[in-house]
Amino acid sequence: MLTKRKVFTLTLAAVMLISVSLLHPLQAAADTAEKDNGVMITSGDYISHAKAGILYEATTDTVIYAKNADMKLPPASMTKVMTAILVLEENPELKGQLTVDERAVSSLYCGYMVPQKHLEEGEVISYKDCMRYLLVPSGNEAATAFAFEIAGDMGKFLDMMNAKAKELGCENTNFQDPTGLSASEHYTTPEDMVKMCKYAMSFEQFREAVSYPDGEVPASNVRDEGFTYETTNRVMFPDDRYESPYSQYMTGVKTGWTPAAGYCFSGCMEKDGLVYYSVVMGGEEFPYKDGERVVQGDFVDTIELYSLTEGLKAVGPDDVPEDMTVTSLLGAGSFSVALPEEAKLLVKEGETVTAEYDIPSMVAGTVQKGDPVGTVTLKAGDTERTFDLEAQSSRSVSPLIIAAVVIIAAAVVFLVLRARKKKGGRQ
């Protein structure tokens, strides 16, 4: 049997639900659109000299090609991308100087030195010079110097590295050092490495550092003369073994090699308004055609991956309705919705994009500019992806309407309780 208290509670709950739905009618629709960035090209062995790799286009969130993209492998010096991220989050403009901690140049943390000239204990170096030395020739002691400078303790810095990896969505990554020298339980995957590189390239100082073909560690308080170095990125700055039409579009990012990891390379290419990230891991070396030199499988396979970008473009639908208007039932008038900027598909030359729109005729309640209202599903070939449409203006529910609803609901409560009272009095 319903008591007066139960009737009142249920009716009050109904009032609250009605009020919330009027104020926030779009919350349930906020997660309507789901992106499917499934592999665009599935046939062909474009990674034939390495264990794993991926090619990804960022502006359309599209995986173009993948081979063992979730395989856990040691990343070697590609690890330094994460090291650089933590430094840049602490000091985005790379202002000031740091002093090389004595632990940073110990064999325990730094391992072997590459090149032979390196930073020394107590050396004062600017953040910018240290970052360039970290990323261009892959200075190990630059990585360890940053680790002790930022965290004061190696274990704490490693915790920061792994926490940041998780924050970036890197589910199959674990770091054991800031240099990449470790192999046991120090791993990532091609798809995780793309996430790290994409984030790192959002920092202007990172982009600048990885754009240099060479550089110099200047004279300092512990050395009378500086020393020079060169990049190890031969896709971006090729010799005759790696010449390709893609080097001119390269903007970064990082190489790596250890005996356990093999040759590794993460690259970024910006071409025709699109941004491509590539990662190749576990590359082997093999003889060059001159019989005297060798070539690296990571570079060869990267260039092969970039050949898949020929003829690709980001395209939105041709069939966009002229009028995409939604009535605000309890607000003032109507408002329009539109495709978001990212509502495009990566397609091959000659492919067209069609669209299926799902737009409500009306909505009840408050609408903020940019809120999701309806969806559009784009299709091209075997690719299909759904995006939220966005409100182009705001509409608020009148306070008088909200007050009226609350008053009416309260009246219902009163009448129900009164009817129950009368019924009880007749028994």
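Computed over heavy atoms, backbone and side chain alike; hydrogens, waters and symmetry mates excluded. Residue numbers start at 1 and run along the sequence shown.
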| field | Considering all heavy atoms, the nearest V337-V326 contact | value | CG1-CG2, 4.1 Å
| In this structure, which one of T375, T377, V376 forms a side chain to side chain contact (heavy atoms under 4.5 Å, CB included) with Y357? | V376
| request: State whether the number of non-hydrogen atoms from other residues, nucleotides or ligands found under 6.0 Å of K51 atom NZ is greater than 12. | output: no
| said: One thing to verify: whether E270 and R207 come together as a salt bridge, which I'm taking to mean a side-chain N less than 4.0 angstrom from a carboxylate O. | reply: yes
| field | Closest approach of M196 to F175 (non-hydrogen atoms, all atoms of both residues) | value | SD-CZ, 3.7 Å
| request: Compare every heavy atom of D301 with every heavy atom of A50, then report the nearest pair and how far apart it is. | output: N-OD2, 3.3 Å
| Other residues, nucleotides, ligands: >12 heavy atoms within 6.0 Å of D382 CG | no
| field | Pi-cation contact, F299 with R241 (under 6.0 Å, within 45°) | value | no
| Do other residues, nucleotides or ligands put more than 12 heavy atoms under 6.0 Å from E171 CD? | no
Using atom types as modelled, flag every donor-acceptor pair under 3.5 Å from a side chain in residues 163-170 to any protein atom, sequence neighbours excluded.
{"from": "K164", "atom 1": "NZ", "to": "E89", "atom 2": "OE2", "distance (Å)": "2.5"}
{"from": "K164", "atom 1": "NZ", "to": "E167", "atom 2": "OE2", "distance (Å)": "2.9"}

| request: Test side-chain hydrogen bond (donor to acceptor under 3.5 Å, both in side chains) on E208 and Y212 and set out the steps. | output: CA-CA 7 Å; E208 180 181 344; Y212 288 103; 3.0 Å; yes
Ignoring hydrogens and angles, write down the donor-acceptor pairs under 3.5 Å from the side chains of residues 180-191, residues two or more places apart or on other chains.
{"from": "S182", "atom 1": "OG", "to": "D177", "atom 2": "OD2", "distance (Å)": "2.5"}
{"from": "H186", "atom 1": "ND1", "to": "Q176", "atom 2": "N", "distance (Å)": "2.7"}
{"from": "H186", "atom 1": "NE2", "to": "T79", "atom 2": "OG1", "distance (Å)": "2.9"}
{"from": "T188", "atom 1": "OG1", "to": "T173", "atom 2": "OG1", "distance (Å)": "2.7"}
{"from": "T189", "atom 1": "OG1", "to": "D192", "atom 2": "N", "distance (Å)": "3.0"}

| What orientation do Y56 and Y277 show, parallel under 30°, tilted 30 to 60°, or perpendicular over 60°? | tilted
| query | Can you name the nearest heavy-atom pair linking P360 to V373, along with the distance? | reply | CG-CG1, 3.8 Å
| request: Go through S138 and K80 one step at a time and tell me if the side-chain contact (heavy atoms from CB on, under 4.5 Å) criterion holds. | output: CA-CA 8 Å; S138 204; K80 296 182 175 79; 3.1 Å; yes
| So, F148 versus F157, ring centres under 6.0 angstrom or not? | no
| Which class fits the ring pair Y133 and Y229: parallel under 30°, tilted 30 to 60°, perpendicular over 60°? | tilted
| task | Please work out which of the three classes, parallel, tilted or perpendicular, describes the rings of W257 and Y263, given edges at 30° and 60°. | result | tilted
| task | Quick one: sort the F286 and H49 rings into parallel, tilted or perpendicular, breaks at 30° and 60°. | result | parallel
| message | Within a 6.0 Å radius of atom CD on Q248, are there more than 12 heavy atoms belonging to other residues, nucleotides or ligands? | response | yes
| field | N-O pairing of R293 and D240 below 4.0 Å | value | yes
| Residue list, ring-ring contact (aromatic ring centres under 6.0 Å, His included) with Y288, at least two apart or on another chain | none
| How far apart are the C-alpha atoms of C110 and E141, what are their side-chain angles, what is the distance that settles it, and do they pass the side-chain contact (heavy atoms from CB on, under 4.5 Å) test? | CA-CA 6 Å; C110 195; E141 71 279 19; 3.6 Å; yes
| remark: From the list L339, T352, T354, L345, side chain to side chain contact (heavy atoms under 4.5 Å, CB included) with P317 holds only for L339
